[in-house]
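What follows is a set of notes on a single structure, which appears directly below.
Proteins get letters first, then strands, A, B, ... in listed order; numbering begins at 1 in each.
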Amino acid sequence: MNQENLKIYNSLSGQKEIFKPIQPNRIGMYVCGPTLYSEPHMGNMRTFINFDLIYRYLLILGFDVKYVRNITDAGHITNSAGDEVDSIGKAAKAAQMQSLEIVYKYNVKFQALQNLYNMLPPSIEPTATGHIQEQIEIIEKIIANGLAYIVNGSVYFDVKSYSEKFQYGILSGRKIDELAEETRDLNAQNEKRFFADFALWKKSNPDDMQIWYSPWGDGNPGWHIECTAMSTKYLGPTFDIHGGGMDLKFPHHEDEIAQSCGALGCSPATVWMHANMLEVNGQKMSKSLGNYFLPMEIVEGTSELFEKPFSPNVIRFSMMQAHYRSTMDISNESLLASEKGYNRLMDAIKSLERLSAGKESSIDVKALTESFYTAMSDDFNTPILTANMFEAVKHINSCKGGKATISATDLELLKSELNRFTFDVLGLKKEEGGSDNRLASVMDLVLELRQNARTNKDWTTSDQIRDGLAKSGIVVKDGKDGTEWG
RNA sequence: GGUCCUGUGGCCGAGCGGCUAGGCAGUGGUCUGCAAAACCAUCUACAGCGGUUCGAAUCCGCUCGGGACCUCCA
């Protein structure tokens, strides 16, 4: 399996396409990151975990990937009704903090969550406030191209003029005429000439928490312009992959396309990828519905929705059992099921290390490991990948039980590929432990004593040892060729 | 109201014209001092109604249900 076989579903065309990087072997990828006005919830994390998976697999295929994920730390005042919706400023006022204090606070948490869920750091995590100048420059270009207008210190994108040269709605499939009918009565008194116009720069209010200077007066950048400015700066006018949550498709990504075309004359990305929503009882997890929970609540077991704590690995694995383009329902039951499956996989990987090779293999190991690549190269199909990995699990267990065999070559192949896909692609964290030599020698002694008891059919003693160890979290399993612990 | 997605067995979740994934749970075995695990076998499916086709969960139409976006949102 190689780079040429990779297929990716492109939201722009609505179909899977063979992926062709703009430059051979190199990929520029931009993913819309979080707005840090509160702690990211599990739904937010799903998107980032999915793009982490995609990033990881692209690396495995040997691409040189530049992965840019922004941090939105500027409040945006872009509501079409003209209302103030500066979420960061609002949170700051409520906490009697400054805007960047709020952002910093939640950024620390976000970075910790990245670690917790074993996400690789992007190549760059640029911030909106660090790129005000770049945003102003893009806006100036759009104005110079006659596709934006200034009203009372604010700048708006002129969707009607834009539509004469470009197709507004190309990504989301929306048509301006249809949009018009629905919203015509919403907000009549508005600075905007046309309801679909959106703010590139918004004049500040006296009580704004953050204000920047611009050629048009003091104000705030519009919501969409930061992504255009930063993606252009770090990846160029057109790059390979632009990703984000499904809910950003319209208007955010649509407007990004308009801004890039309007300023630079070209669409920012050749491939658009959208990760689908995490759901609770069939409904999108969201702040406003209140059906969300925080990543730490589930790991610590403090959420009422879950009867016990679940490890980040289990949560991540459970996400990998759903496709990134499908909605995923998370529940106590689904995590319990994933936890058992996860343990099964991990046990098999441990068993694989101890497996001894036979003369030949009773199954086609090469075809099996190739199926891992086939699954992932088909639009990152992790449910198929995990299904195929469980085929490997089954075979490992059969070998262990003496009902199947594996050759030395195949054993090495399976070891390297299964480990690669488990840890490097799915991004499950290797569990530490087992490296403590002192514990290992103590356990050898304890298990020897227990074995003596078992030989003497002294079940009271042997069970006492097993139960006692269980209290310390050490599980003892009596197998055919001796006792395992872990 | 508009645009789009979706409805798979007890649960989660793939497949998207033929060969009926996978995980969890259930049932019956094997193994086992017991336990746990594992292995083998097995049972529950493609919302409904029509149509296209030699053949449909998979394509088309209608009906019913669920959801997303259209306003900040991962």
Rounding to the closest angstrom, what is the interatomic distance between [N] and [M] at atom [atom1]?
N     : M     : atom1 : result
B/C4  : B/U63 : P     : 16 Å
B/U30 : B/G22 : C1'   : 24 Å
B/C16 : B/A45 : C1'   : 16 Å
B/G26 : B/C11 : C1'   : 12 Å
B/C5  : B/C60 : P     : 10 Å
B/C31 : B/C12 : P     : 37 Å
B/U58 : B/G51 : P     : 14 Å
B/C64 : B/G48 : P     : 16 Å

### Task
Cation-pi check, A/R174 to A/F250: give yes when NZ or CZ is under 6.0 Å from the six-membered ring centre and within 45° of the ring axis, no otherwise.
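Yes, cation above the ring, under 6.0 Å and within 45°.
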Rounded to the nearest angstrom, tell me the gap between atom [atom1] in [X] and atom [atom2] in [N].
X      : N     : atom1 : atom2 : answer
A/I465 : B/C34 : CD1   : C1'   : 15 Å
A/L418 : B/G22 : CG    : P     : 17 Å
A/L248 : B/A68 : CG    : C1'   : 13 Å
A/M277 : B/C4  : CE    : C1'   : 14 Å
A/E391 : B/G22 : CD    : P     : 6 Å
A/E339 : B/C11 : CD    : P     : 21 Å

For a quick check of understanding: with a heavy-atom distance under 4.0 Å over all strands, which category does [X] fall into, base, sugar-phosphate or nothing?
X      : result
A/E484 : nothing
A/G244 : sugar-phosphate
A/K249 : nothing
A/D463 : base
A/L336 : nothing
A/S331 : nothing
A/D347 : nothing
A/H274 : nothing
A/M45  : nothing

### Task
Indicate whether A/F48 forms a stack on B/A74; treat it as stacked only if centroid distance is below 5.5 angstrom and interplanar angle below 30 degrees.
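It does not: the ring fails the test against the base of B/A74.
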### Task
Would you indicate which nucleotide in B/G33, B/A38, B/G22 comes nearest to any side-chain atom of A/N397?
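Within the option list, the nearest is B/A38.
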### Query
Between A/G341 and A/K400, who's closer to the 5' end of RNA chain B by nearest nucleotide?
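Of the two residues, A/G341 wins.
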### Task
Specify the residue among A/I330 and A/M285 whose closest nucleotide of RNA chain B lies further upstream toward the 5′ end.
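The residue closer to the strand's 5' end, by nearest nucleotide, is A/I330.
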### Message
Take a 6.0 Å sphere around CD of A/E353 and say whether it holds more than 12 heavy atoms from other residues, nucleotides or ligands.
### Response
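Yes, enclosed.
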### A/F48 and A/Y117 aromatic centres sub-6.0 Å
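A/F48 vs A/Y117: aromatic centres not under 6.0 Å.
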### Query
Taking the six-membered ring where the residue is Trp, are the ring centres of A/F380 and A/Y9 under 6.0 Å apart?
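That pair fails the under 6.0 Å test.
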Donor/acceptor link under 3.5 angstrom from [X] side chain onto base of [N]:
X      : N     : result
A/N276 : B/C5  : no
A/R174 : B/C4  : no
A/D329 : B/G13 : no

### Message
Once pairs are restricted to Watson-Crick or G-U wobble with both distances under 3.5 Å, how does RNA chain B read as a dot-bracket string, [ ] for crossings and | for other-strand pairs?
### Response
(((((((..(((.....[...))).(((((.......)))))....(((((..]....))))))))))))....
N/O contacts under 3.5 Å, protein versus nucleotides 25-32 of chain B?
unit_1 : atom_1 : unit_2 : atom_2 : d
B/A25  : OP1    : A/K340 : NZ     : 2.6

### Query
Where the side chain of A/D378 meets the backbone of A/T374, is there a donor-acceptor pair that is under 3.5 Å apart?
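Side chain of A/D378 to backbone of A/T374: no pair is present.
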### Query
Side-chain donor-acceptor pair under 3.5 Å between A/Y156 and A/K202, yes or no?
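Looking only at side-chain atoms, A/K202 and A/Y156 do form a donor-acceptor pair, the distance falling under 3.5 Å.
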